[in-house]
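What follows is a single structure, written as structure tokens, with notes after it.
Residue numbers begin at 1 in each chain, while the letters A, B, ... track the order of the sequences.
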Number of protein chains: 2
Amino acid sequence: MKTVSRRQQAILQFIERFLDENDYPPTIRDIQSELGISSTSVVDYNLKALEARGLIRRNSKISRGIELMNRGSTRRNVVTIPVIGQIAAGQPIPVPGDLEGSDVTETVELGSDLVRNSGQGLFALRVKGHSMVDALINDGDVVILKQQETCENGETVAVWLKDQRETTLKRFYLEGDQVRLQPANVTMDPIFTPAENVEVQGRLVTVVRSDL
Amino acid sequence: MKTVSRRQQAILQFIERFLDENDYPPTIRDIQSELGISSTSVVDYNLKALEARGLIRRNSKISRGIELMNRGSTRRNVVTIPVIGQIAAGQPIPVPGDLEGSDVTETVELGSDLVRNSGQGLFALRVKGHSMVDALINDGDVVILKQQETCENGETVAVWLKDQRETTLKRFYLEGDQVRLQPANVTMDPIFTPAENVEVQGRLVTVVRSDL
DNA sequence: TGTTGACACGAACATGCGTTCTCTCCTATG
DNA sequence: CATAGGAGAGAACGCATGTTCGTGTCAACA
């Protein structure tokens, strides 16, 4: 009763694989024929053992009522965010509304603890160019933004600087009628600009860099 | 036949909700009783309509053989990576083996397209301090590493510099018996050090910064 | 050597659950 | 008014699938 037998482990793996391929759990007989087990009762026996160990949950009487305790629940709080375009220094930021009809080809999945609130109003952009190294953001990174036209002091936001015709990511501080834009890189100096020159496009929620 | 009727939409939503709660799809009769439909044939009828529209797939004869075409397949490939410790300039990097028994409290979930290979051998560390800004990595970022003691030229790796007693993240180039460590930040200069002074701890796979 | 308990067989058995067939009840169309 | 087709009701049918039961094997053990 202590150890998970080889056969039980194989069953567990098969269930996992099956779930990946089919969206619904396997039947006892699926498991049986896959693993070359002679009887359904043997599968039932081992399934009971796995359940006693807390590795799976079984809903009696219900067809395909096998649930994996591990992933299962964790996999839920995953948010899928569409990558709707690029962000570069010299271009305005695409916002979700712009591409209404066009279906997005690329998406990013993140655990909801990385984005809090279930991903509502979030969108992602791929960074083009090295213009945002002062925000510790590299060419090719994916930035995830929450669409909003205003922001609190201290939040990192994507802003469009009208005069410079330039997009940038900085911490935002309204000081009188001036705005101080503070780079995330502590070694770099802030820039100051009149409040009416900045147009907040969204708040920076997450940055993902994938060095594959 | 053009429009998705109110009832069909309700069915679709219910299937989705059911899947969230149970890990296995509902039966026709589940749908029936939930929506207060009088007959299973009505459900079957509407399900066929939804399938014709390509919104679901049904595996005939198979119990609970309903699959949602939208999410379903995409949301599965999510990898859960344990955050096993911190990484700071002056400390050796914890490696997975170190904390065998201790159960990890924090994890990070990422879509598998961000980490390729199904997350085998991956672990995550939270960055402490500003020592890695030259790698465009900030205090509080989470770096995801693949454990390996060797690496190819051009890969970004976490190395332990014996003489300096220091951990750093750089691109690695072996040049003769020297190693060139190139910061990701294009504006910064590489450092050179003897090959025997560097100890590769892992390859950088992904960086995640969460500005909540 | 006999007993016990984990593990495995096969074959019924009893439901779970998808499918199908026959009838209504509409609303639109002519 | 007659007809046709979409949407639904109700019941029966039958394969799909979980459950149970009687046996058999093999190692550990007293």
(message) What is the distance, to the nearest angstrom, from the CG atom on A:Leu47 to the C1' atom on C:dC7?
(response) 15 Å

(request) Name all residues meeting the ring pair (Phe, Tyr, Trp, His ring centres under 6.0 Å) criterion together with B:Tyr45; count only those two or more places apart in sequence or in a different chain, and write none if there are none. (result) none

(message) Distance check needed: C:dA8 P versus A:Gln8 CD, whole Å only.
(response) 7 Å

(message) Would you say that more than 12 heavy atoms from the other residues, nucleotides or ligands in this model lie under 6.0 Å from the CD of B:Glu51, or not?
(response) yes

(request) Under the salt bridge (Lys or Arg N to Asp or Glu O under 4.0 Å) rule, collect the residues that match up with A:Arg7, sequence neighbours excluded. (result) none

(request) Estimate the overall bend of the helix from C:dT1-D:dA30 to C:dG30-D:dC1 from the end axes over five pairs each, rounded to 10 degrees. (result) 10°

(message) Can you tell me if A:Gln164 has over 12 outside heavy atoms packed within less than 6.0 Å of its CD?
(response) yes

(message) Could you tell me how far apart B:Ile11 (CD1) and D:dA7 (P) are, to the nearest whole angstrom?
(response) 12 Å

(request) Quick one: closest heavy-atom pair of A:Phe14 and A:Pro26, and the distance? (result) CE2-CB, 4.1 Å

(message) I'd like to check the side chain to side chain donor-acceptor pair (under 3.5 Å) partners of A:Ser41; sequence neighbours left out, ordered by chain and number.
(response) A:Ser39

(request) With sequence neighbours left out, write down each residue that passes salt bridge (Lys or Arg N to Asp or Glu O under 4.0 Å) with B:Asp30, or none if nothing qualifies. (result) B:Arg64

(request) Answer yes or no: does a side-chain N or O of A:Arg7 lie under 4.0 Å from OP1 or OP2 of C:dA8? (result) yes

(request) Output yes when at least one side-chain N/O atom of A:Asn46 is less than 4.0 Å from OP1 or OP2 of C:dA8, else no. (result) yes

(request) If a protein heavy atom is under 4.0 Å from the base, mark B; if only from the sugar-phosphate, S; if neither, -; do that for nucleotides 15-22 of chain C going 5' to 3'. (result) -SBBBBB-

(request) Could you state the atom-to-atom distance from CD1 of A:Ile37 to P of D:dG18 in whole Å? (result) 13 Å

(message) Just N and O in the side chain of A:Tyr45: are any of them under 4.0 Å from OP1 or OP2 of C:dC7?
(response) yes

(request) Indicate the atoms forming the closest heavy-atom contact of A:Glu67 with A:Asn59, along with that distance. (result) OE2-OD1, 3.4 Å

